[in-house]
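Heads up, the thing below is written out as structure tokens.
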Amino acid sequence: MCDRDTMQSAVEERGTDAHHRYRPCRPADARRAVEDAVTAHAGTARAGTHDRAWCDAGALSDALLVASELTTNAILHGGGVTDFQVDVVDPGVRLSVCDRSHDVPVALAPTDDRGRRRLGGRGWPIVCRLAREVRVADLPTGGKRITVVVPLS
């Protein structure tokens, strides 16, 4: 489900272009970044409103969950988030999360060798199920980038 290829490093600050780059400390920061990007794309000018009528609410929830899972995995297993990018593209939201680890995410069996249920281990399968174009790429400066597209319709 995941391709391995090399991509260029992305180390630029959040700018005024269409790309939204952040370094979220918490999964909640990543979710907020996705909501902000989707809202900005919708062209909402009214203060205090979130007009996302062009976007299916369930699909937006999927994008928020994927952003949360990717950043949680980077924090717990990848040595922290080194870069986070959100782009609203046709047909959805492209998320890129970079961390310090070269280890490729894996799906674990729900039980261990003794048949005991594992805690956790469900994030990567959720990401792979909800997202399209899932890619894992080594970064030339070390670590990896996971890029996914989550449909918004």
Side-chain angles (χ1 to χ4, degrees), residues 1-5 7-44 47-108 119-153:
M1 176 127 211
C2 297
D3 299 325
R4 242 16 223 143
D5 60 323
M7 298 174 70
Q8 293 182 357
S9 176
V11 184
E12 73 181 54
E13 293 299 315
R14 182 176 165 191
T16 57
D17 61 1
H19 303 289
H20 302 277
R21 294 185 187 276
Y22 306 88
R23 282 197 183 162
C25 301
R26 303 169 302 154
D29 299 332
R31 291 190 301 270
R32 191 171 309 109
V34 171
E35 282 187 313
D36 290 349
V38 170
T39 299
H41 182 77
T44 304
T49 65
H50 295 287
D51 181 18
R52 296 185 201 99
W54 65 275
C55 162
D56 178 74
L60 179 59
S61 292
D62 290 349
L64 298 175
L65 177 57
V66 169
S68 184
E69 290 295 339
L70 289 174
T71 54
T72 298
N73 288 349
I75 292 165
L76 293 178
H77 308 293
V81 176
T82 59
D83 192 32
F84 181 83
Q85 182 178 350
V86 180
D87 296 303
V88 180
V89 297
D90 188 27
V93 175
R94 180 176 39 235
L95 305 169
S96 291
V97 179
C98 299
D99 63 35
R100 293 178 176 89
S101 173
H102 285 287
D103 295 338
V104 177
V106 294
L108 298 174
L119 295 177
R122 290 165 184 78
W124 185 241
I126 289 170
V127 168
C128 290
R129 180 161 183 131
L130 296 177
R132 307 294 177 263
E133 301 176 32
V134 177
R135 292 193 183 114
V136 179
D138 286 324
L139 296 173
T141 56
K144 70 177 169 296
R145 174 196 320 251
I146 298 177
T147 303
V148 301
V149 174
V150 182
L152 286 179
S153 58

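- A donor-acceptor contact closer than 3.5 angstrom links the side chains of Asp87 and Gln85.
- Looking at every heavy atom in both residues, Val150 comes nearest to Ala131 through CG2-CB, 4.2 Å.
- With Lys144 contributing its side chain and Arg100 its backbone, the two residues share no donor-acceptor pair below 3.5 Å.
- Using modelled atom types, one finds a donor on one side chain and an acceptor on the other under 3.5 Å when comparing His102 with Asp138.
- Nearest heavy-atom pair across Pro27 and Thr71 is CA-OG1, 3.4 Å.
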Next on the checklist: Pair Val81, Cys98 - check side-chain contact (heavy atoms from CB on, under 4.5 Å), show working.
Outcome noted: CA-CA 6 Å; Val81 176; Cys98 299; over 6 Å; no
Item to check | Worked verdict on Leu152 versus Asp56 for side-chain contact (heavy atoms from CB on, under 4.5 Å) | outcome: CA-CA 6 Å; Leu152 286 179; Asp56 178 74; over 6 Å; no
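- A pairwise comparison of heavy atoms in Val88 and Ala37 identifies CG2-O, 3.6 Å as the closest pair.
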Next on the checklist: Run the side-chain contact (heavy atoms from CB on, under 4.5 Å) test on Asp99 and Phe84 for me, step by step, so that the C-alpha distance in whole Å, both residues' side-chain angles and the decisive distance to 0.1 Å come before the verdict.
Outcome noted: CA-CA 9 Å; Asp99 63 35; Phe84 181 83; over 6 Å; no
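- Annotation: side-chain contact (heavy atoms from CB on, under 4.5 Å) contacts of Ser61 (sequence neighbours excluded): none.
- Taken from CG in Asp103 to NE2 in His77, the straight-line distance is 10.5 Å, to the nearest 0.5 Å.
- With no hydrogens or angles considered, a side-chain donor-acceptor pair links Ser68 and Arg31 at under 3.5 Å.
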Next on the checklist: Set out, in order, the CA-CA distance, both residues' side-chain angles and the distance that settles side-chain contact (heavy atoms from CB on, under 4.5 Å) for Glu69 and Val66, then state yes or no.
Outcome noted: CA-CA 5 Å; Glu69 290 295 339; Val66 169; 5.7 Å; no
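- Checking side-chain atoms of Arg122 against main-chain N and O of Leu119 turns up no donor-acceptor pair under 3.5 Å.
- Put simply, the side chain of Asn73 never gets that close to the backbone of Leu70: no donor and acceptor are under 3.5 Å apart.
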